[in-house]
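Only heavy atoms go into these numbers, but all of them, side chains included; no hydrogens, no water, no symmetry mates. Residue numbers start from 1 in every chain, and the chains themselves are labelled A, B, ... in the order their sequence lines are given, proteins ahead of strands.
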Amino acid sequence: MRWSQIFIPTLRDEPADAEAISHKLMLRAGLVRQLAAGVYSKLPLGLRASRKVEAIVREEMERIGGQEFHLPVLHPGELWKESGRWSQIGEEMFRLKDRRQGDYCLGMTHEEVFTAIARDELRSYRQLPQIWFQIQTKFRDEARPKSGVLRGREFVMKDSYTFDVDFAGLDIGFDKHAEAYRRIFERCGIKALSVQAASGAMGGSESVEFMSVSDAGEDWTVICPGCDAAANLEKAVTVAPEVVDPDAEALEKFPTPGIRTIDALAHFAGGAPAERQIKTLVYVVDDEPTLFLLRGDHELNEVKLAEATGTTTFRAATPEECQSALGARPGSLGAVSVSNIPIYADDALKGRVEMVTGANDDDHHFRHVSVERDLQDLRWVSLRNAVEGDGCAACGKEVSIKKTIELGHIFKLGLRYSESMNLTVLNDQGKDVPVVMGSYGIGIERLVAAVIEAYHDDNGIVWPWSIAPFHVVITPISLKDEAAVEKTEAIYDGLVAAGLETLLDDRNERPGVKFKDADLIGIPLRLVIGPKGLERGMVELVERGTSEKVDVPYGEAVEQVRARADRLASAAPR
RNA sequence: CGGGGCGUGGCGCAGCCUGGCUAGCGCGCCUGCUUUGGGAGCAGGAAGUCGGAGGUUCGAAUCCUCUCGCCCCGACCA
């Protein structure tokens, strides 16, 4: 490909609207352009990179027996009403009406459609297992699109679905996907952690996320350096460093005028540091006031709250509701002697004595509180967010908490969709049984962006070989010397013939411009052909990643590039 | 949805508070000449409904009202 024949609108200035590095570079290198919030057009270079990722994904899906489909993006609302998600999902779904006022939506995921196909076509356990996948556009009306294509409202996803007659089959399909995903990310050059995750509204029993550590990420992942375990902060259960309490004394109420916060009480004479306080939070759970107790310096995790209570219908109580439930307003709330309200307590409070907590009497607190002595009917659960310094629940080693990009997510759905949508097959006993499903996704553009987050320097993108939109860029220093041009063309033809995706920078630009652009768009190998070298019969081969330069004889150029290419290509697994 | 910020030639910005000639600057773009190993120089040139609507005023990019869009923080996130 000649540079003059491919549209690569590079930008000198940093786009004002971009914050994330990958976002800036995707715009600057002419990979994408924004159409609306969270909606991006792929330009030729961006499309080439995406296609590389898609090809890897496709190969690995086929390796585990996946069969490629291509489903509609326009879905009848009826289908989503069957699964129940038409009403479950809120504003995140793009909905529309056809001319007859029928409900439709744009697919945000494809469980419903794949399940409908399976329901219509699968009759017998003998047809199972099936692994079905597609690479298709999804639409999600995100509340806050951000960071370029990292969180878009329209994006391409590889989604796949497994159909099995039993849960043992699901486990196999799930493990196959985990292995395929591991290979996909590795081939893309990404170190992806597999992370225990909350299933959310997706339903199902188990889910694993594939995370890439990056400041541009939006998820927090708790990582244990000892046993290699990792979990999403939403789910991670860790052990707080032990606190040594003094001997228990008798419960005592004391006045705390104007003290409303943990922090204020920590600085109040006669108060206590945050880790010696009990934080009492009141939520309305399924219309019932409910207490949640945490150590003063710990944060409530609402995903865990949902898990503990078994419902997603909850909200923080208003001050008025606190008043009517406990007799005091926020700032003076506590659980001492409370018995008519369900109380969930975070594990970190177990066995603690000499604590301070609200007295359910405005401007008063209790001190010398012994948790197990003074609080009744506690339901012990993990409620808090893990924090740095906590110990791994498995091996005890201190965990770290890192920002990560969610590249993939795999779910054991179980019977969630087969039951609601009536997908059954006959088993070997001739009995109708619901099909056991799994669902698995990888965001294509997000993966491209994550690669850029991981592979760039001050001058631009540094593509790994496997995803580079071109392998080699030829940079002629001058187009004036006809003999040099002829030699350049000969090398170009040779590289193309050798099967290398080669970009010939035939633009009549000054060398500096060409070098800058070549670095910016991140092509792994650059071949510089200029008068200086040609005088000596040499051309210069430069590696983008290492900046390593070698002079190679003109006559060996194609061969040498090929050798270098083979080395770069084999550095990543195939 | 709460909070903050920003919309001025293709890109990056100034001007706005304190209203006033033909709305500036850098980059890019076009033409010509010179140049050509890390974003060239000179000369000439094209290009802007100042996001939109309404209002105040003799006069609005500038003041007021409404509205649309985009970015960031948070909430949310199959």
Side-chain angles (χ1 to χ4, degrees), chain A residues 9-20 23-24 27-28 30 33-39 75 80 83-86 88-94 105-114 138-148 150-153 155 157 159 161 197-204 207 209 216 218-219 232 234 302-303 312 315-316 406 409-411 413 416-417 439-441 443 458-460 475-481 484 505 507-520 526-535 538-540 542 547 549 551:
Chain A
T10 57
L11 303 174
R12 292 192 181 207
D13 296 319
E14 294 217 323
D17 279 348
E19 195 83 7
H23 189 197
K24 286 181 187 172
L27 291 168
R28 285 232 294 139
R33 286 295 181 262
Q34 182 175 32
L35 183 62
V39 182
H75 300 182
W80 288 74
S83 74
R85 288 158 110 190
W86 183 264
Q88 245 176 46
I89 294 168
E91 291 179 305
E92 206 184 332
M93 179 150 59
F94 281 104
C105 64
L106 300 180
M108 52 199 305
T109 173
H110 281 75
E111 278 78 13
E112 279 77 2
V113 182
F114 267 112
K138 310 289 183 214
F139 293 87
R140 293 180 193 176
D141 194 359
E142 294 285 350
R144 185 149 104 77
K146 58 177 289 199
S147 306
L150 275 173
R151 186 168 204 76
R153 295 194 295 168
F155 57 95
M157 181 187 246
D159 49 322
Y161 306 84
S199 298
M202 192 73 181
S207 88
E209 291 168 324
E218 302 182 78
D219 289 280
N232 195 300
E234 291 176 344
E302 291 196 345
V303 173
T312 51
R315 59 176 173 81
E406 180 190 341
H409 202 162
I410 60 180
F411 294 89
L413 291 177
R416 163 73 180 83
Y417 295 90
S439 120
Y440 317 84
D458 290 347
N459 293 318
T475 307
I477 296 300
S478 166
L479 301 176
K480 280 245 172 96
D481 179 358
D505 194 348
R507 297 174 299 167
N508 188 18
E509 290 286 354
R510 295 169 58 82
V513 173
K514 295 186 179 184
F515 291 143
K516 287 287 185 190
D517 272 349
D519 284 351
L520 180 58
R526 185 175 80 211
L527 199 61
V528 183
I529 304 178
K532 275 188 198 169
L534 284 180
E535 275 173 26
M538 305 291 258
V539 295
E540 185 185 55
V542 188
S547 299
K549 299 178 182 177
D551 277 341

**OP:** Could you tell me whether the side chains of A:His110 and A:Lys138 share a donor-acceptor contact shorter than 3.5 Å?
**Re:**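 Distance-only check passes for A:His110 and A:Lys138.
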Original post:
Between the side chains of A:Gln34 and A:Asp17, is a donor N or O closer than 3.5 angstrom to an acceptor N or O?
Top reply: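 Absent: no donor and acceptor within the cut-off.
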Looking only at atom [atom1], what distance separates [N] and [M], rounded to whole Å?
N	M	atom1	value
B:rA75	B:rC13	P	28 Å
B:rC27	B:rG41	C1'	15 Å
B:rC30	B:rG38	C1'	26 Å
B:rA43	B:rU35	C1'	15 Å
B:rC68	B:rC16	P	28 Å
B:rA53	B:rC1	C1'	26 Å
B:rG39	B:rU49	C1'	34 Å
B:rG15	B:rA60	C1'	14 Å

Using a 4.0 Å heavy-atom cut-off, does [X] contact any base of the nucleic acid, only the sugar-phosphate backbone, or nothing at all?
X	answer
A:Arg315	nothing
A:Gln34	sugar-phosphate
A:Ser147	sugar-phosphate
A:Glu14	sugar-phosphate
A:Arg526	base
A:Ala18	nothing
A:Gly533	base
A:Lys146	sugar-phosphate
A:Glu302	sugar-phosphate
A:Ala143	base

Original post:
Between A:Pro15 and A:Ile89, which is nearer to the 5' end of RNA chain B once each is assigned its nearest nucleotide?
Top reply: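 Mapping each residue to its closest nucleotide by heavy atoms, the 5'-most match is A:Pro15.
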Original post:
Between A:Glu142 and A:Gly38, which is nearer to the 5' end of RNA chain B once each is assigned its nearest nucleotide?
Top reply: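 Its nearest nucleotide lies further toward 5', so the answer is A:Gly38.
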Tell me the partner of [N], counting only Watson-Crick (N1-N3 plus N6-O4 or O6-N4) or G-U wobble (N1-O2 and O6-N3) with both under 3.5 Å; none if nothing fits.
N	value
B:rC1	B:rG74
B:rU22	none
B:rG44	B:rC30
B:rC63	B:rG55

Subject >> Atom pair CG (A:Asp141) and CE (A:Met93), whose distance is rounded to the nearest 0.5 Å >> reply: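 So the gap between those two atoms works out to 11.0 Å.
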Name all residues meeting the side-chain hydrogen bond (donor to acceptor under 3.5 Å, both in side chains) criterion together with [X]; count only those two or more places apart in sequence or in a different chain, and write none if there are none.
X	value
A:Glu142	A:Arg151
A:Glu302	A:Tyr283
A:Glu112	A:Ser83, A:Arg85
A:Asp517	A:Thr10, A:Arg507

Subject >> Results of salt bridge (charged side-chain N to carboxylate O under 4.0 Å, His left out) for A:Asp13 - residues two or more places apart only >> reply: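 Partners of A:Asp13 under the salt bridge (charged side-chain N to carboxylate O under 4.0 Å, His left out) test: none.
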Which atoms of nucleotides 23-27 of chain B (N or O only) lie under 3.5 Å from a protein N or O atom, and what are those distances?
| from | atom 1 | to | atom 2 | distance (Å) |
| --- | --- | --- | --- | --- |
| B:rG26 | N2 | A:Asp13 | OD2 | 3.4 |

Original post:
What's the CZ-C1' distance between A:Arg153 and B:rC76, to the nearest Å?
Top reply: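 Rounded to whole Å, this separation is 15 Å.
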**OP:** Please determine if a side-chain N or O atom of A:Arg85 lies less than 4.0 Å away from the OP1 or OP2 oxygen of B:rA78.
**Re:**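 For B:rA78, OP1/OP2 do not have a side-chain N/O of A:Arg85 under 4.0 Å.
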Subject >> Closest nucleotide among B:rA78, B:rG39, B:rG38 to the A:Lys549 side chain >> reply: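 Nearest to the side chain of A:Lys549 among the choices is B:rG38.
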Original post:
In terms of ring plane angle, is the pair A:Phe114 and A:Tyr161 parallel, tilted or perpendicular, where the classes change at 30° and 60°?
Top reply: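 Tilted: the ring planes of A:Phe114 and A:Tyr161 meet at 30° to 60°.
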**OP:** Check whether the side chain of A:Glu540 and the base of B:rG37 form a donor-acceptor pair under 3.5 Å.
**Re:**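 Between B:rG37 and A:Glu540, which were checked side chain against base, a qualifying N/O pair under 3.5 Å is present.
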